Amino acid sequence: VNGPQPMVIAASAADTGEGDTHKYQLDNGRNFVWSYSPYYEIYETEVNGTKILGYVFSPDKVPGEDAFNATVDAFRLYSDLFGPYPHPQMSMVEADFDHGMEYQSLYFLNKGFFASYDGTSGSFLVAIAAHETSHQWWYGLVANDQALEPWLDEALATYSEYLFYEYYYPQDIDAFWWQRRVNPYNPSGWVNNS
């Protein structure tokens, strides 16, 4: 990948290129994705030997830090609950499209979640960060057909949100999680069709 400077690239793997040439390699991945913006601010830490990166648009630094912290907390919890993460890097990336989307070693989080963030843990920004982080296990490591059987990863990712709130923010389970993430969908009966 070549492009104008200043260039900030968020990708599913580390950049091993030199100068204006960017080179990436993702071993044992289901897909590879990257995003470019000259406006990304970068957050970085390490959890259990995995580099965790966060890329957010400059105006969203404050909610970006909270989304990044939720990602790191979720990654730490899920590594303990679901098993070690095999890739050397995982990134959270603010995006200019609806909702969130998981890919191998990277997920996108809609800028609307940043704009509507109220500074509390009982918010879609925090919940969806936890949700999308869990997709590194439920889709990334435990693979399924997302088109024909999306419930296999989405149900487990939604349950992972519950585990996240149970562990970090138990006060938000009834006040936020059930009220905003489950009850509006009026769930009932068995999921028994394709």
Side-chain angles (χ1 to χ4, degrees), residues 8-14 33-35 37 39-141 156-181:
V8 178
I9 298 175
S12 293
V33 66
W34 63 280
S35 181
S37 175
Y39 307 110
Y40 281 144
E41 299 285 336
I42 303 171
Y43 299 94
E44 181 179 335
T45 194
E46 187 173 303
V47 176
N48 300 330
T50 299
K51 183 189 290 186
I52 310 294
L53 296 160
Y55 298 85
V56 300
F57 299 133
S58 298
D60 293 329
K61 286 178 73 170
V62 172
E65 185 173 358
D66 288 349
F68 180 70
N69 290 335
T71 299
V72 170
D73 288 344
F75 188 92
R76 186 176 291 113
L77 177 65
Y78 302 153
S79 294
D80 290 344
L81 293 175
F82 308 142
Y85 187 71
H87 301 289
Q89 176 176 306
M90 201 279 290
S91 299
M92 171 206 83
V93 181
E94 184 176 3
D96 191 14
F97 59 81
D98 288 341
H99 223 276
M101 187 63 209
E102 67 275 5
Y103 295 94
Q104 193 75 60
S105 299
L106 182 149
Y107 79 83
F108 289 109
L109 194 57
N110 174 358
K111 70 177 186 172
F113 294 130
F114 293 80
S116 66
Y117 182 54
D118 64 4
T120 70
S121 54
S123 71
F124 283 105
L125 180 70
V126 173
I128 303 303
H131 179 101
E132 296 301 334
T133 301
S134 77
H135 275 302
Q136 297 307 308
W137 285 266
W138 314 121
Y139 147 81
L141 298 179
L156 290 168
T158 302
Y159 178 63
S160 297
E161 286 176 44
Y162 177 84
L163 296 174
F164 173 86
Y165 275 94
E166 182 178 58
Y167 189 81
Y168 291 109
Y169 305 107
Q171 74 279 4
D172 290 329
I173 290 175
D174 291 330
F176 166 75
W177 194 80
W178 281 104
Q179 296 305 314
R180 301 291 304 277
R181 295 293 291 145

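Counting from 1, the numbers follow the sequence of the chain as shown. As the structure is a computational prediction, the values presented were derived from the model and not from experiment.
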Discussion item. By the salt bridge (Lys or Arg N to Asp or Glu O under 4.0 Å) test, which pairs, at least two apart or in different chains, include something from residues 163-172?
Written reply: none
Worksheet item: Given Leu125 and Phe114, is the side chain to side chain contact (heavy atoms under 4.5 Å, CB included) satisfied, shown in steps?
Response: CA-CA 6 Å; Leu125 180 70; Phe114 293 80; 4.0 Å; yes
Worksheet item: Quick one: does His131's side chain get under 4.5 Å of Arg181's, heavy atoms only?
Response: yes
Worksheet item: Relative to the ring of Tyr162, is the ring of Tyr159 parallel (under 30°), tilted (30 to 60°) or perpendicular (over 60°)?
Response: parallel
Worksheet entry | Min side-chain heavy-atom separation Val56-Phe68 under 4.5 Å | no
Worksheet item: Are any non-hydrogen side-chain atoms of Glu102 and Ser134 less than 4.5 angstrom apart?
Response: no
Item to complete: If the plane angle is over 60° it's perpendicular, under 30° parallel, otherwise tilted; pick one for Tyr85 and Trp137.
Response: tilted
Worksheet item: Does a sphere of radius 6.0 Å around OH in Tyr167 hold more than 12 heavy atoms from other residues, nucleotides or ligands, not counting ones at 6.0 Å or beyond?
Response: no
Worksheet entry | Min side-chain heavy-atom separation Leu53-Tyr43 under 4.5 Å | no
Practice prompt. To the nearest 0.5 Å, tell me how far Leu163 CG sits from Asp80 CG.
Written response: 12.0 Å
Discussion item. Under the side-chain contact (heavy atoms from CB on, under 4.5 Å) test against Tyr55, which residue among Leu109, Ile42, Leu106 passes?
Written reply: Ile42
Worksheet item: Quick check: does any side chain N or O of Tyr103 sit under 3.5 Å from a backbone N or O of Ala11, one acting as donor and the other as acceptor?
Response: no
Worksheet item: To the nearest 0.5 Å, how far apart are OG in Ser12 and CD in Gln89?
Response: 8.5 Å
Worksheet item: Judged by modelled atom types alone, do His87 and Gln104 share a side-chain donor-acceptor pair under 3.5 Å?
Response: yes
Worksheet item: Regarding Trp138 and Ser160, is there a side-chain donor-to-acceptor distance under 3.5 Å anywhere?
Response: yes
Fill in: Any donor-acceptor pair under 3.5 Å from Thr133 side chain to Ala74 backbone
no
Discussion item. For Glu132 and Met92: C-alpha separation, side-chain torsions, deciding distance, then whether side chain to side chain contact (heavy atoms under 4.5 Å, CB included) applies.
Written reply: CA-CA 9 Å; Glu132 296 301 334; Met92 171 206 83; over 6 Å; no
Item to complete: Not counting sequence neighbours, which residues clear side chain to side chain donor-acceptor pair (under 3.5 Å) with Tyr107? List them please.
Response: Thr71
Practice prompt. For Glu41 and Ser58, test the side chains for any donor-to-acceptor distance below 3.5 angstrom and give the result as yes or no.
Written response: yes
Discussion item. So that I know where these two stand, are Tyr169 and Trp177 an aromatic pair - ring centroids less than 6.0 Å apart?
Written reply: no
Practice prompt. Considering non-hydrogen atoms only, spot the tightest contact between Gly100 and Phe113 and give its length.
Written response: N-CE1, 4.4 Å
Item to complete: Any chance you could lay out the side chain to side chain contact (heavy atoms under 4.5 Å, CB included) test for Phe97 and Lys111, step after step, and finish with the verdict?
Response: CA-CA 7 Å; Phe97 59 81; Lys111 70 177 186 172; over 6 Å; no
Discussion item. For a quick check under 3.5 Å, do Ser35 and Tyr40 share a side-chain donor-acceptor pair by atom type?
Written reply: yes
Discussion item. I'd like to know whether the aromatic ring centres of Phe108 and His99 sit less than 6.0 Å apart in this structure.
Written reply: no
Fill in: side chain to side chain contact (heavy atoms under 4.5 Å, CB included) between Tyr139 and Leu156, intermediate numbers included
CA-CA 9 Å; Tyr139 147 81; Leu156 290 168; over 6 Å; no
Item to complete: State, to 0.1 Å, how close Ser123 and Thr120 come at their nearest heavy-atom pair, and which atoms those are.
Response: OG-O, 3.1 Å
Worksheet item: Is there a side-chain hydrogen bond (donor to acceptor under 3.5 Å, both in side chains) between Thr50 and Asn48 once you walk through the steps?
Response: CA-CA 6 Å; Thr50 299; Asn48 300 330; over 6 Å; no
Worksheet, complete the sentence: Rounding to 0.5 Å, atoms CG (Asp60) and CG (Asp66) come to a distance of 11.5 Å
Discussion item. Within the structure provided, determine whether Ser116 and Phe124 are in side-chain contact (heavy-atom separation under 4.5 Å).
Written reply: no
Item to complete: Compare every heavy atom of Ser37 with every heavy atom of Phe57, then report the nearest pair and how far apart it is.
Response: CE2-OG, 3.9 Å
Worksheet entry | Closest heavy-atom pair and its distance - Pro84, Leu141 | O-CD1, 4.2 Å
Worksheet entry | Spacing of Trp34 atom CH2 and Ile9 atom CD1 [to the nearest 0.5 Å] | 5.5 Å
